[in-house]
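Worksheet for the structure shown next.
Throughout, residue positions are numbered sequentially from 1 according to the sequence presented.
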Amino acid sequence: MRKVYLFLMVFISVGCWSQNKQILYNFTAVPQSLMTNPGADVSYKFYFGVPLLSGISVNAGTTSFSAYDLFADNGVDFNTKLRDVVYNSSRNDKVAINEQIELFSGGFKLGDWMENKGYISFGMYQEFDFMMFMPKDIALLALDGNRDYLDKSFNLGDLSLRAEMLSVLHVGFHKNVTDRLVLGGRAKLYSSSFNATSTKNSGYIYTIPAQNTVYEQVIYSDLQLNTSGISEYIAEDYEGDAAGDIRKKALFGADLGLGFDLGLTYYPKKNIQFTASILDVGFVKHSKDVETFTYKGYYKYEGINPSFNSTNSPNDVYQEFKEAIPRDTIYSAYKTWRPIKFNSSYQYSFNDSRGGVDCSCTVSESEYKNAVGGQLFVMTTPRAPMMALTGYYRRNLLDKLQMKATYTVDSYSYKNIGLGLSSTLGKFNVYLMADNLLEYRDLAKANSLFFQFGFNFIFKDSDSPY
């Protein structure tokens, strides 16, 4: 049973808000690039996405093991492979899933291309996040017990997790403040269907030889799990459709919050571009169907071998343990903050598509057929910030076909090669993006995978000079 628990714990820890969209960022041939930078330099008159199909993305990854490490048919016992995964991991390792579906989206330019009164974009998307760092010490204790770890202090603070499903309604505005500077912002209204958060835990368990008895074991626990929108689905008498009920809550039937994005694009020279954005600066106030579970207390035992799972243990040790570290349930509201993302890029463009013809147009990256650049991504987590560095090459292959190739270094991989394509046939736009292409030879060995695709209708200015 102990090993079954550990197996579930390892595989439930599927997520870490891994939301780096390095291919989409600043790929302005795709309208959804506005979601990574509200100050992106877009040039179309208006657009709208195909409902439910304009933006579907999935991002998954692990930093310490792959599916192959556990399930390879190589003659190695599964328990041995499971131990190797735990032993080779650290408390800062993580596995990841982030899923996002755009429900609807659109945008339109205010005025014609000469008036430049600004640009409005809007939409709604549904997002699922699950985060859990590898609880290294707890995993060791569950797998091996404490027999071989006398004098070691097992850190209960290794437990750090968060799961959430929410919908986001948003509206953004950006404007060319000058011929070289674009500023933008986006307001967001969050609606959380359910949430489970446990990120501020502490405590320890240690066992040492005692002077008067064989062992002295001490447990100090300060564990807390906040939940909202979940209790009715895990109740023993619940007989409904959990997935269906959660979907109904998604459209503002649950806990609400507010947030914003900010972004800019700046051209120091016509062919040099700098961009930056900060996303999801916001919070959600959880007040509906709230339950907070706590295990807080201190327990010290001196004896041969304490048992904490049997009421028939000597001297009623189990009852003493429950009284010393009781499980309490609290029904108070709580607040969670969204993980903040920061993006920045520097781009050099070359091969002017106008052939060097003089033009009084405003600066735009669409004037050039080729561009190379670098991008930095940083995201907050309950522990150290998550970072990624990307180099990329963008090219207009044809008048209606654009390509972006990327190479990314992050905590998941040092050989992450990605590719994005966007094609517009008439007014119909289709795009497809995927990274870690080298891992597609054997997906079981992949440490991370990302793909995104969507369909839009894009209308350019009829009186635009290009």
Side-chain angles (χ1 to χ4, degrees), residues 5 8-9 12-15 17 126-133 135 138 156-169 188-205 219-259 280-299 308-309 311 318-339 380-383:
Y5 165 77
L8 293 175
M9 178 176 61
I12 286 175
S13 50
V14 231
W17 299 316
Q126 172 271 324
E127 184 171 1
F128 171 77
D129 286 317
F130 189 101
M131 167 189 178
M132 184 172 178
F133 287 94
I138 299 175
L156 299 183
D158 282 359
L159 182 62
S160 179
L161 65 89
R162 170 173 167 169
E164 185 165 38
M165 177 175 284
L166 73 166
S167 298
V168 184
L169 181 66
K188 292 182 173 180
L189 178 62
Y190 303 112
S191 175
S192 174
S193 302
F194 71 84
N195 173 272
T197 301
S198 183
T199 58
K200 297 180 179 180
N201 297 306
S202 62
Y204 53 82
I205 299 175
I219 302 175
Y220 166 68
S221 174
D222 188 359
L223 304 179
Q224 180 168 309
L225 172 64
N226 299 318
T227 71
S228 68
I230 294 178
S231 62
E232 63 177 293
Y233 307 123
I234 61 177
E236 293 183 1
D237 57 348
Y238 177 73
E239 298 180 353
D241 177 13
D245 290 345
I246 289 174
R247 283 195 296 269
K248 292 177 183 178
K249 280 185 176 182
L251 298 176
F252 308 107
D255 300 309
L256 300 180
L258 296 172
D280 279 321
V281 182
F283 67 92
V284 176
K285 182 66 177 295
H286 302 275
S287 58
K288 299 178 181 178
D289 192 18
V290 171
E291 285 187 341
T292 296
F293 305 100
T294 65
Y295 284 91
K296 298 185 178 183
Y298 176 88
Y299 179 74
F308 301 105
N309 57 11
T311 54
Y318 180 65
Q319 185 62 34
E320 292 178 3
F321 170 74
K322 289 201 304 180
E323 292 175 357
I325 307 179
R327 191 193 84 170
D328 290 333
T329 303
I330 304 170
Y331 302 95
S332 301
Y334 66 95
K335 183 187 296 183
T336 59
W337 291 90
R338 299 292 296 153
T380 60
T381 77
R383 293 180 185 166

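A search for side chain to side chain donor-acceptor pair (under 3.5 Å) contacts involving S221 returns nothing, not counting sequence neighbours. Listed by chain and residue number, nothing satisfies the ring pair (Phe, Tyr, Trp, His ring centres under 6.0 Å) test with Y295 (two or more places apart in sequence, or in another chain). Every residue meeting the ring pair (Phe, Tyr, Trp, His ring centres under 6.0 Å) condition with F283, not counting sequence neighbours, appears here in chain and number order: W337. When the side chain to side chain contact (heavy atoms under 4.5 Å, CB included) test is applied to A324, the partners found at least two apart in sequence or on another chain are Y299. Among residues two or more places apart in sequence or in another chain, the side chain to side chain contact (heavy atoms under 4.5 Å, CB included) test is passed with K200 by none. Partners of T227 by side chain to side chain donor-acceptor pair (under 3.5 Å), not counting sequence neighbours: none found.
Taking the side chain as every heavy atom from C-beta outward, P382 and R162 never approach each other to under 4.5 Å. Annotation: side chain of T381 is in contact with side chain of M131 (closest heavy-atom distance under 4.5 Å). Contact of the S228 side chain with the D289 side chain is not registered, since no non-hydrogen atoms from C-beta on lie closer than 4.5 Å. Side chains of L159 and M132 form a contact here, defined as non-hydrogen atoms less than 4.5 Å apart.
Closest of all the heavy-atom pairs between G297 and I325 is C-CG1, 3.8 Å. In this structure, A196 and I230 approach most closely via the heavy-atom pair CB-CD1, 3.9 Å. Across K296 and P326, no two heavy atoms sit closer than the pair O-CD, 3.5 Å. Residues L166 and S192 share a closest heavy-atom pair of CB-CA, 3.8 Å. Taking every heavy atom of both residues into account, I138 and L156 meet most closely at CD1-O, 4.0 Å. In terms of heavy-atom proximity, N201 sits nearest to L223 at OD1-CA, 3.3 Å.
Rounded to the nearest 0.5 angstrom, L161 CG and T199 OG1 are separated by 8.5 Å. Separation of atoms OH (Y334) and NE2 (H286) is listed at 4.5 Å; rounding is to 0.5 Å. In this structure, T197 OG1 and N226 CG are separated by 6.0 Å, a value rounded to the nearest 0.5 Å.
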*I would like to know whether D129 and R338 meet side-chain contact (heavy atoms from CB on, under 4.5 Å); could you show each step before the answer?*
CA-CA 11 Å; D129 286 317; R338 299 292 296 153; 3.6 Å; yes
_Verdict with reasoning, L189 to L258, per side-chain contact (heavy atoms from CB on, under 4.5 Å)_ = CA-CA 5 Å; L189 178 62; L258 296 172; 3.8 Å; yes
*asked:* Quick one, V284 with N195, criterion side-chain contact (heavy atoms from CB on, under 4.5 Å). Give me CA distance, side-chain angles, the key distance, then yes/no.
replied: CA-CA 10 Å; V284 176; N195 173 272; over 6 Å; no
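The neighbour count for R383 CZ, taken as heavy atoms of other residues, nucleotides or ligands under 6.0 Å away, is above 12.
With D255 contributing its side chain and S287 its backbone, the two residues share a donor-acceptor pair below 3.5 Å.
In this structure, Y298 has its ring center at least 6.0 angstrom away from the ring center of Y220.
Side chains of D222 and Q224: a donor-acceptor N/O pair is absent below 3.5 angstrom, by distance only. Defined by atom type and a distance below 3.5 Å, a donor-acceptor pair is present between the side-chain atoms of D280 and Y190.
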